[in-house]
Amino acid sequence: MVADSARAMPRRGLVAGPDFEFFLRRYFTPAEVAQHNRPEDLWVSYLGSVYDLTPLAQEYKGDLLLKPIIEVAGQDISHWFDPKTRDIRKHIDPLTGTLRYRTPWGRFLHVPPQLPRSDWANDFGKPWWQGSRYEVGRLSAKTRNIRIINTLTSQEHMLEVGALESMWEILHRYLPYNAHAASYTWKYEGKNLNMDHTLEQNGIRDEDDEFDYLSMDGAPYTPAILLYFNDDLTEL
């Protein structure tokens, strides 16, 4: 997803592409989500999307009902949800005989109590799991490893990327290692890569399943993308 303002600036150096000052990531890997595992930096994923619940944790800091959410920080909690309704799973409460949210891990924020209580306030609007206010992107269900080799400096880096990410998104991931990455031409096996396409669309096949079938370690065969420096150096 690239902001409209980014599309208005079609070139970086000699390589056509988005303005990374306004670039927004679409995909996050499970490993990236797992890094946000603290109350002051709390992400979770569920049903294919990634959510930043840090504002929720700050709003309800000290509330006991926040504890089950803190305990799953950085994890995928799709098992909490009914994939058809995208709501918390429900069951028949044996005590009341009514349909209630199923929370074997403990009742959490915005889940009503089992029985009426005078201290239960339901003026919070939509529960935190409904809507997209905390959504920051999609979860990469399938990830791949690639090598990126800078032919100018001979530096090599290994990146884990989402299988559905475009080359521009992969370039964005690479920026911490090379702030001038958009001033390079990206190639694979001598051919210029289409930066709007994915690895697979560029002919860089995902052979992980084949290696697994053959009980082989695919690491030595990780695809290598070569970067060739252009004349115009552009700082990102």
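Since we're looking at a predicted model, the values are computed, not measured.
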May I ask you to list the residues sharing a hydrophobic cluster with V50, side-chain cutoff 4.5 Å, ordered by chain and number? F28, V33, W43, V136, L139
Assess the residue pair H197 and N202 against the criterion (side-chain hydrogen bond (donor to acceptor under 3.5 Å, both in side chains)); give the C-alpha distance rounded to whole Å, side-chain angles, the decisive distance to 0.1 Å, and a yes or no. CA-CA 6 Å; H197 288 178; N202 273 297; 4.9 Å; no
Report yes or no: do Y184 and M158 belong to one cluster of Ile/Leu/Val/Met/Phe/Trp/Tyr joined by side chain heavy-atom distances under 4.5 Å? no
Between atom CD of E156 and atom CD1 of I225, what is the distance when rounded to the nearest 0.5 Å? 11.5 Å
Yes or no on side-chain hydrogen bond (donor to acceptor under 3.5 Å, both in side chains) for Q114 and D93, after CA distance, side-chain angles and deciding distance? CA-CA 8 Å; Q114 189 176 31; D93 189 302; 2.8 Å; yes
How about K67 and I70: do any of their side-chain heavy atoms sit closer than 4.5 Å? no
What do you reckon, is OH of Y177 surrounded by more than 12 foreign heavy atoms closer than 6.0 Å? no
Within 6.0 angstrom of L64 CG, more than 12 heavy atoms from elsewhere: no
Quick one: does D52's side chain get under 4.5 Å of V44's, heavy atoms only? no
Given E40 and R38, is the salt bridge (Lys or Arg N to Asp or Glu O under 4.0 Å) satisfied, shown in steps? CA-CA 5 Å; E40 62 275 13; R38 303 182 306 279; 3.2 Å; yes
Just grab all the ring pair (Phe, Tyr, Trp, His ring centres under 6.0 Å) pairs involving residues 55-75, residues at least two apart or on different chains. Y60-H110
Is it the case that one hydrophobic cluster holds both Y174 and L193, taking links as side-chain heavy atoms less than 4.5 Å apart, direct or via other members? yes
So which heavy atom on A182 is nearest to which on L171, and how close? CA-CD1, 4.1 Å
With sequence neighbours excluded, tell me which residues meet side chain to side chain contact (heavy atoms under 4.5 Å, CB included) with Q75. V72
Run Y228 and K187 through side-chain contact (heavy atoms from CB on, under 4.5 Å) and show every step you take. CA-CA 8 Å; Y228 294 87; K187 293 189 176 186; 3.7 Å; yes
Between H157 and R173, is the side-chain contact (heavy atoms from CB on, under 4.5 Å) condition met? List the steps. CA-CA 11 Å; H157 295 90; R173 286 183 177 279; over 6 Å; no
With rounding to the nearest 0.5 angstrom, report the CG to CG distance, L42 to N37. 8.5 Å
Between A224 and I149, which heavy-atom pair has the shortest distance, and what is it? CB-CD1, 4.0 Å
Check the pair N192, W186 against side-chain hydrogen bond (donor to acceptor under 3.5 Å, both in side chains), reporting the backbone distance first and the verdict last. CA-CA 6 Å; N192 287 12; W186 291 48; over 6 Å; no
Distance from T85 atom OG1 to Q130 atom CD, nearest 0.5 Å? 9.0 Å
Taking the inter-plane angle between the rings of F108 and W80 on a 0 to 90° scale, is it parallel (under 30°), tilted (30 to 60°) or perpendicular (over 60°)? parallel
Does the side-chain contact (heavy atoms from CB on, under 4.5 Å) test come out yes or no for L65 and R107, once each step is laid out? CA-CA 6 Å; L65 295 181; R107 180 170 158 251; 3.9 Å; yes
Does the side chain of I148 come within less than 4.5 Å of N150's, by heavy atoms? no
Atom OG1 of T54 and atom CD of E59: how far apart are they, to the nearest 0.5 Å? 13.0 Å
Sequence neighbours excluded, the answer for ring-ring contact (aromatic ring centres under 6.0 Å, His included) partners of Y101 is W129
Does the pair S45 and D76 meet the rule for a side-chain hydrogen bond (donor to acceptor under 3.5 Å, both in side chains), with working shown? CA-CA 5 Å; S45 63; D76 186 84; 2.7 Å; yes
d(I170 CD1, L175 CG) to nearest 0.5 Å is 12.5 Å
Which atom pair, heavy atoms only, marks the closest approach of P68 to G106? CG-O, 3.8 Å
Is R89 close to P104 at the side-chain level, that is, under 4.5 Å between some pair of heavy atoms? no
What I'd like to find out is whether the side chain of R25 reaches to under 4.5 Å of the side chain of H172, using heavy atoms alone. yes
Quick one: are T29 and K142 in side-chain contact, heavy atoms under 4.5 Å? no
Would you call E169 and R26 a salt bridge, taking side-chain N to carboxylate O under 4.0 Å as the test? yes
Do R100 and K90 have side chains that get closer than 4.5 Å, going by heavy atoms? no
Quick one: does W128's side chain get under 4.5 Å of I69's, heavy atoms only? yes
Of all the heavy-atom pairs spanning L227 and T151, show the shortest one and how long it is. O-OG1, 2.5 Å
Classify the angle between the aromatic ring planes of Y46 and Y51 as parallel (below 30°), tilted (30 to 60°) or perpendicular (above 60°). parallel
Rounded to the nearest 0.5 Å, how far does OG1 of T222 lie from CD1 of I204? 12.0 Å
In terms of hydrophobic clusters joined by side-chain contacts under 4.5 Å, are L226 and W168 together? no
ring-ring contact (aromatic ring centres under 6.0 Å, His included) partners of Y188, counting only residues at least two apart: none
Does any pair with a residue in residues 132-141 pass side chain to side chain donor-acceptor pair (under 3.5 Å), and if so which ones, sequence neighbours excluded? S49-E135, S49-R138
Under the side-chain contact (heavy atoms from CB on, under 4.5 Å) rule, what do R144 and L199 come out as? Steps first, then yes or no, please. CA-CA 9 Å; R144 303 180 55 178; L199 292 168; 3.4 Å; yes
